[in-house]
S.K.: 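Below is the structure I would like to discuss, written out as structure tokens.
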Amino acid sequence: MQYLSETIAGIDGTNGTLFAYILDNSSEISLDRTRPAVLILPGGGYEMTSDREAEPIAMQFLAAGYQAFVLRYSVKPSLYPTALVQAASAMQLIRERATEYHVDPQKVAVLGFSAGGHLAANLATSAGDEDIRAHGLDPDAVRPNGLLLAYPVISSGQYAHRGSFAALLGEYADDPTLLEKLSLEHHVDAKTPPTFLWHTMPDETVPVENSLFFIQACKAAGVEVEAHLYPRGGHGQSLGSVETARGGDPADAEASVQSWMNLAITWLQRELG
């Protein structure tokens, strides 16, 4: 396996980092094998990127035969669209280096957690197309082939996670035009890729309505969607395991959500092969 890192420049002078976990080919199996890939965007309210939603997630996809990438994107005080352009740049880099990374460029999905889910959905819908294009990238060329969302921030309306929008927009956090633009349930269209999402019903930090709105938007736009809603567990469950629990506290782990990773891999195998 190769472990690589690449700097992803931000439009505001900051830098993000793309970490690549690459399964090597073998002469015993095939030297020409290409694999599907997943770009992972950890959450953190646009104020940090969570370790619990980064490498432990990449390891799960590696074990299932996927190339895995984790983007540590720029956060507060960086403002929109810095992280979005970095995510688009990361997608472009993965596809441009598909041969080096043993990736099938037509089989690259994006997975986002919480605020990282907002970033992933922003990349996958039409909401940020103008901003991506304005910074020299083709929004269609960087759109993922599949979208996976874990307890995502979606809406800027009644059920918004206000902290994420405050960090993302800074002094413009009350700008109605920007809030509408970044309320992503309003920007799902036919270009949005097939979607997998999960959420816990008791989530008090990012209410489940965020996912419900996105599900409804996918249905209205004719976008295939698979959704799993769990009856227990607070926000930020990651894998639901002790390994990814906050502080390693077993009380923070929620076994009932642990099925989501296997369900996601099954979904990816069906959608991407």
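The figures that follow rest on heavy atoms only: side chains count, while hydrogens, waters and symmetry mates do not.
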S.K.: Show the nearest heavy-atom pair for residues Ala167 and Gly45, with the distance to one decimal.
M.R.: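 Reported closest heavy-atom pair: CB-O, 3.4 Å.
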
S.K.: Could you grab the distance from atom CG of Leu169 to atom CG of Leu178, nearest 0.5 Å is fine?
M.R.: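 Going from the CG atom of Leu169 to the CG atom of Leu178 covers 5.5 Å.
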
S.K.: Which value, rounded to the nearest 0.5 Å, describes the distance between Asp174 atom CG and Leu179 atom CG?
M.R.: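 Between atom CG of Asp174 and atom CG of Leu179 there are 7.0 Å.
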
S.K.: Can you list the residues that meet the side chain to side chain donor-acceptor pair (under 3.5 Å) rule with His228, with sequence neighbours excluded?
M.R.: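 Side chain to side chain donor-acceptor pair (under 3.5 Å) check on His228 returns Glu226.
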
S.K.: Decide whether Glu55 and Tyr21 meet the rule of one side-chain donor and one side-chain acceptor closer than 3.5 Å.
M.R.: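 Tyr21 and Glu55 do have a side-chain donor-acceptor pair below 3.5 Å.
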
S.K.: Using every non-hydrogen atom in the two residues, find where Ala245 and Ala253 come nearest and quote the distance to one decimal.
M.R.: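 Heavy-atom minimum between the residues: CB-N, 4.0 Å.
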
S.K.: Assess whether side-chain hydrogen bond (donor to acceptor under 3.5 Å, both in side chains) is satisfied between Asn15 and Thr7, documenting all intermediate values.
M.R.: CA-CA 6 Å; Asn15 287 322; Thr7 297; 5.5 Å; no

S.K.: If only atom types and distance count, is the side chain of Arg95 paired as donor or acceptor with the main-chain N or O of Ala141 below 3.5 Å?
M.R.: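 Here the side-chain-to-backbone pair exists.
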
S.K.: Do Leu137 and His135 make a side-chain contact, defined as non-hydrogen atoms from C-beta onward lying under 4.5 Å apart?
M.R.: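 They are not in side-chain contact.
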
S.K.: Any sub-3.5 Å donor-acceptor pair from Ser238's side-chain atoms to Arg52's backbone N or O?
M.R.: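 Looks like yes, one N/O pair under 3.5 Å.
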
S.K.: Leu239 and Thr244: which non-hydrogen atoms are nearest, and at how many Å?
M.R.: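 For Leu239 versus Thr244, the nearest heavy atoms are N-OG1, 3.3 Å.
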
S.K.: When His118 is tested against each of Phe113, Phe214, Phe165 for ring-ring contact (aromatic ring centres under 6.0 Å, His included), which residue passes?
M.R.: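 For His118, the ring-ring contact (aromatic ring centres under 6.0 Å, His included) check succeeds only for Phe165.
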
S.K.: Tell me every residue that passes ring-ring contact (aromatic ring centres under 6.0 Å, His included) with His199, counting only those two or more places apart in sequence or in another chain.
M.R.: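 By the ring-ring contact (aromatic ring centres under 6.0 Å, His included) rule, His199 matches no residue at all.
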
S.K.: Verify the cluster assignment for Ile8 and Val38: are they in a single hydrophobic cluster under the rule of side-chain heavy atoms below 4.5 Å apart?
M.R.: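 In one cluster: no.
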
S.K.: Could you check if a side-chain atom of Gln237 sits within less than 4.5 angstrom of a side-chain atom of Asp203, using non-hydrogen atoms only?
M.R.: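 A side-chain contact is absent here, since even the closest heavy-atom pair is not under 4.5 Å.
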
S.K.: Is there a side-chain hydrogen bond (donor to acceptor under 3.5 Å, both in side chains) between Glu28 and Ser26 once you walk through the steps?
M.R.: CA-CA 5 Å; Glu28 292 183 38; Ser26 168; 4.8 Å; no

S.K.: Go through it in stages, so that I can follow the logic: the residues are Leu268 and Phe61, the test is side-chain contact (heavy atoms from CB on, under 4.5 Å), and I'd like the CA-CA distance, side-chain angles, deciding distance and then a yes or no.
M.R.: CA-CA 10 Å; Leu268 278 170; Phe61 285 113; 3.6 Å; yes

S.K.: Test side-chain hydrogen bond (donor to acceptor under 3.5 Å, both in side chains) on His102 and Gln67; report intermediate values, then the result.
M.R.: CA-CA 8 Å; His102 310 309; Gln67 309 293 27; 5.8 Å; no

S.K.: Taking the side chain as C-beta and beyond, is there a heavy-atom pair between Val223 and Thr195 under 4.5 Å?
M.R.: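 The answer is yes; the side chains approach within 4.5 Å.
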
S.K.: Quick one: do Phe19 and Val108 end up in the same hydrophobic cluster if we chain Ile, Leu, Val, Met, Phe, Trp and Tyr together by side-chain heavy atoms under 4.5 Å apart?
M.R.: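 In one cluster with Phe19: Val108, no.
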
S.K.: Side chain of Asp104, backbone of Pro36: donor and acceptor closer than 3.5 Å?
M.R.: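 Pair absent, no side-chain N/O of Asp104 close to backbone of Pro36.
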
S.K.: Once rounded to the nearest 0.5 Å, what's the spacing between atom CG of Leu263 and atom CG of Leu148?
M.R.: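 Leu263 atom CG to Leu148 atom CG measures 11.5 Å (nearest 0.5 Å).
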
S.K.: Does Glu6 pair with Arg97 as a salt bridge, N-O distance under 4.0 Å?
M.R.: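 Result for this pair is yes, salt bridge flagged.
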
S.K.: For the side chain of Ser126 and the backbone of His187, is there at least one donor-acceptor N/O pair under 3.5 Å apart?
M.R.: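 Looks like yes, one N/O pair under 3.5 Å.
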
S.K.: Closer than 3.5 angstrom, by distance alone: can the side chain of Gln258 be matched with the main-chain N or O of Gly240 as a donor-acceptor pair?
M.R.: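 Looks like yes, one N/O pair under 3.5 Å.
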
S.K.: Any non-hydrogen side-chain atom of Leu184 less than 4.5 Å from a side-chain atom of Val153?
M.R.: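 Of all side-chain heavy-atom pairs linking Val153 with Leu184, none is under 4.5 Å.
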
S.K.: Using 0.5 Å steps for rounding, measure from the CD1 atom of Ile22 to the CG atom of Leu62.
M.R.: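 Those atoms lie 8.0 Å apart.
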
S.K.: Given side-chain hydrogen bond (donor to acceptor under 3.5 Å, both in side chains), test Ser259 with Tyr230 step by step and report yes or no.
M.R.: CA-CA 10 Å; Ser259 64; Tyr230 293 96; 2.8 Å; yes

S.K.: Establish whether Leu39 and Leu149 are linked, either directly or via other cluster members, by ILVMFWY side-chain heavy-atom contacts under 4.5 Å.
M.R.: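 Linked, Leu39 and Leu149 end up in one cluster.
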
S.K.: Verify side-chain contact (heavy atoms from CB on, under 4.5 Å) between Leu41 and Glu53, making sure each step is shown before the conclusion.
M.R.: CA-CA 8 Å; Leu41 305 176; Glu53 297 161 348; over 6 Å; no

S.K.: If I take atom CG from residue Leu4 and atom CG from residue Leu18, how far apart are they, to the nearest 0.5 angstrom?
M.R.: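 Answer rounded to 0.5 Å: 9.5 Å.
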
S.K.: When you check the gap from the basic side-chain N to the acidic O, do Asp129 and Lys191 get nearer than 4.0 Å?
M.R.: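 No, this pair does not count.
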
S.K.: Are Phe69 and Tyr101 near enough that their ring centres are under 6.0 Å apart?
M.R.: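 For Phe69 and Tyr101, the ring centres are under 6.0 Å apart.
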
S.K.: Return yes if a side-chain donor-acceptor contact under 3.5 Å exists between Ser155 and Asn210, otherwise no.
M.R.: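 Short answer, no.
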
S.K.: Any idea how Trp267 and Phe196 line up, ring-wise: parallel (<30°), tilted (30 to 60°), or perpendicular (>60°)?
M.R.: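 Correct class here is tilted.
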
S.K.: Report yes if the side chains of Leu119 and Tyr46 come closer than 4.5 Å at any heavy-atom pair, otherwise no.
M.R.: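 Contact flag for Leu119/Tyr46 side chains = yes.
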
S.K.: Answer yes if the side chains of Tyr80 and Asp131 hold a donor-acceptor pair under 3.5 Å, and no otherwise.
M.R.: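 There is such a pair (donor and acceptor under 3.5 Å, judged by atom type) between the side chains of Tyr80 and Asp131.
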
S.K.: Determine whether Leu147 and Trp260 fall in the same hydrophobic cluster, where Ile, Leu, Val, Met, Phe, Trp and Tyr are linked whenever their side-chain heavy atoms lie under 4.5 Å apart.
M.R.: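 Leu147 and Trp260: separate clusters.
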
S.K.: Which pairs of donor and acceptor atoms, one on a side chain in residues 70-79, lie under 3.5 Å apart (sequence neighbours left out)?
M.R.:
{"from": "Arg72", "atom 1": "NH1", "to": "Thr49", "atom 2": "O", "distance (Å)": "2.6"}
{"from": "Arg72", "atom 1": "NH1", "to": "Thr49", "atom 2": "OG1", "distance (Å)": "3.0"}
{"from": "Arg72", "atom 1": "NH1", "to": "Asp51", "atom 2": "OD1", "distance (Å)": "3.2"}
{"from": "Arg72", "atom 1": "NH2", "to": "Asp51", "atom 2": "OD1", "distance (Å)": "2.8"}
{"from": "Tyr73", "atom 1": "OH", "to": "Pro42", "atom 2": "O", "distance (Å)": "2.5"}
{"from": "Ser74", "atom 1": "OG", "to": "Thr14", "atom 2": "OG1", "distance (Å)": "2.7"}
{"from": "Ser74", "atom 1": "OG", "to": "Gln86", "atom 2": "OE1", "distance (Å)": "3.4"}
{"from": "Ser74", "atom 1": "OG", "to": "Gln86", "atom 2": "NE2", "distance (Å)": "2.9"}
{"from": "Ser78", "atom 1": "OG", "to": "Asp12", "atom 2": "OD2", "distance (Å)": "2.6"}
{"from": "Ser78", "atom 1": "OG", "to": "Thr14", "atom 2": "OG1", "distance (Å)": "3.4"}

S.K.: Is it true that the side chains of His235 and Ser114 contain a donor and an acceptor less than 3.5 Å apart?
M.R.: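 A pair is found: one side chain offers a donor N or O, the other an acceptor, under 3.5 Å apart.
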
S.K.: Any side-chain heavy-atom pair from Met91 and Pro144 closer than 4.5 angstrom?
M.R.: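 They are in contact (side-chain heavy atoms under 4.5 Å apart), so the answer is yes.
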
S.K.: Check whether any side-chain heavy atom of Thr34 sits under 4.5 Å from a side-chain heavy atom of Val103, and report yes or no.
M.R.: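 No, too far: nothing below the 4.5 Å cut-off.
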
S.K.: Does any N or O in the side chain of Arg143 come within less than 3.5 Å of the main-chain N or O of Thr125, such that one atom is a donor and the other an acceptor?
M.R.: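 Confirmed, Arg143 side chain pairs with Thr125 backbone.
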
S.K.: Test side-chain contact (heavy atoms from CB on, under 4.5 Å) on Asp252 and Val242; report intermediate values, then the result.
M.R.: CA-CA 7 Å; Asp252 189 61; Val242 175; over 6 Å; no

S.K.: Between Ser156 and Leu182, does the side-chain contact (heavy atoms from CB on, under 4.5 Å) criterion hold? Intermediate values first, please.
M.R.: CA-CA 7 Å; Ser156 66; Leu182 295 175; 5.7 Å; no

S.K.: Is there a path of hydrophobic side-chain contacts, each under 4.5 Å between heavy atoms of I, L, V, M, F, W or Y residues, that connects Met48 with Val206?
M.R.: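 Met48 does not cluster with Val206.
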
S.K.: State whether the number of non-hydrogen atoms from other residues, nucleotides or ligands found under 6.0 Å of Glu180 atom CD is greater than 12.
M.R.: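 Above 12, so yes.
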
S.K.: Hey, are the side chains of Ser211 and Ile154 touching, using non-hydrogen atoms and a 4.5 Å cut-off?
M.R.: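 Side chain of Ser211 against side chain of Ile154, heavy atoms only: no contact under 4.5 Å found.
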
S.K.: Could you give the distance from CD (Gln92) to CD1 (Ile132), rounded to the nearest 0.5 Å?
M.R.: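 Going from the CD atom of Gln92 to the CD1 atom of Ile132 covers 10.5 Å.
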
S.K.: Search all heavy atoms of Pro152 against all heavy atoms of Gly117 and return the closest pair with its distance.
M.R.: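 Smallest heavy-atom distance, with atoms named: CB-CA, 4.1 Å.
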
